Amino acid sequence: QVQLVESGGGSVQSGGSLRLSCAASGDTHSIYCMGWFRQAPGKEREGVVAIDSDGSTSYADSVKDRFTMSQDNAKNTLTLQMNSLKPEDTAMYYCAAARVDIPNWLLLHRGADFDYWGQGTQVTVAS
């Protein structure tokens, strides 16, 4: 089993920055892929950024050049630096981990293949 705990959400003005963290514990050696997903009220969950077993990341077009994800080598901590935030970034952000090796080009579209999810952290961007 793997436990994921997110932190760092909050409220900011448009153009501001936030840094999210995800602390993984338990059987982290079983993790192949990790990522961040988000869900806004009334909308479907969407992949934001994820990293595959080779360490390659995949970013959603909507956050490229604004968000940066990093992971420590032990896969114990996942960090998401979010800059130039926009009101449309407002959502609940979830950290997720997968026990299967998901191809990089599918990472953001295969949320159902992620086995472990954190409780989520709210990000609100005011215009």
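Side-chain atoms are counted along with the backbone in the values below, which use heavy atoms only and exclude waters and symmetry mates. Everything quoted here is computed from the prediction, not taken from an experiment.
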Throw together a table of side-chain donor-acceptor distances under 3.5 angstrom for residues 38-48, partners on residues two or more places apart or in other chains.
unit_1 : atom_1 : unit_2 : atom_2 : d
Arg38  : NE     : Glu46  : OE2    : 2.6
Arg38  : NH1    : Asp89  : OD1    : 3.0
Arg38  : NH1    : Tyr93  : OH     : 2.8
Arg38  : NH2    : Glu46  : OE2    : 3.1
Gln39  : NE2    : Lys43  : O      : 3.1

In the structure I gave you, are the side-chain heavy atoms of [X] and [Y] within less than 4.5 Å of one another anywhere?
X	Y	value
Arg110	Leu107	no
Val2	Ser30	yes
Trp36	Leu78	yes
Arg19	Leu80	no
Leu18	Phe67	no

> Could you give all pairs that pass the ring-ring contact (aromatic ring centres under 6.0 Å, His included) test and reach residues 39-60, with sequence neighbours left out?
Replying inline: none
>> Is there a path of hydrophobic side-chain contacts, each under 4.5 Å between heavy atoms, that joins Val49 and Val123?
In response: yes
>> Do Tyr94 and Val125 land in one hydrophobic cluster if side-chain heavy atoms of ILVMFWY residues count as linked below 4.5 Å?
In response: no
To the nearest 0.5 angstrom, please state how far the [atom1] atom of [X] sits from the [atom2] atom of [Y].
X	Y	atom1	atom2	result
His109	Ser58	NE2	OG	6.5 Å
Leu4	Thr28	CG	OG1	10.0 Å
Met92	Gln119	CE	CD	8.5 Å
Gln3	Ser25	CD	OG	4.5 Å
Met34	Ser53	CE	OG	13.5 Å

> Okay, side chain of Asn104, backbone of Ser56: is any donor-acceptor separation there less than 3.5 Å?
Replying inline: yes
> Side chain of Ser21, backbone of Thr79: donor and acceptor closer than 3.5 Å?
Replying inline: no
> Given Cys33 and Asp101, is the side chain to side chain contact (heavy atoms under 4.5 Å, CB included) satisfied, shown in steps?
Replying inline: CA-CA 6 Å; Cys33 308; Asp101 196 6; 4.1 Å; yes
> Out of Val63, Thr68, Leu20, Val12, which residue meets the side chain to side chain contact (heavy atoms under 4.5 Å, CB included) rule with Met82?
Replying inline: Leu20
With sequence neighbours excluded, what pairs up with [X] under the salt bridge (charged side-chain N to carboxylate O under 4.0 Å, His left out) test?
X	value
Asp61	Lys64
Asp27	none
Arg99	Asp115

>> Let's go through Gln1 and Tyr116 carefully: what are the C-alpha distance in whole Å and the side-chain angles of both, what is the deciding distance for side chain to side chain contact (heavy atoms under 4.5 Å, CB included) to 0.1 Å, and is it a yes or a no?
In response: CA-CA 8 Å; Gln1 288 290 320; Tyr116 304 105; 3.7 Å; yes
> What are the two closest heavy atoms between Arg66 and Ser84, and how far apart are they?
Replying inline: NH1-O, 2.9 Å
>> Taking disulfide (SG to SG under 2.5 Å) as the cut-off, I'd like each qualifying pair that reaches into residues 98-127, sequence neighbours left out, listed once.
In response: none
State which residues pass side-chain contact (heavy atoms from CB on, under 4.5 Å) with [X]; sequence neighbours excluded, sorted by chain then number.
X	value
Val100	Ala98, Ile102, Asp113
Ser11	Thr124
Gln13	Ala126

>> Which residues pass the side chain to side chain donor-acceptor pair (under 3.5 Å) test with Asn83, not counting sequence neighbours?
In response: Ser17, Gln81
> Who passes ring pair (Phe, Tyr, Trp, His ring centres under 6.0 Å) against Phe114, sequence neighbours left out?
Replying inline: Phe37
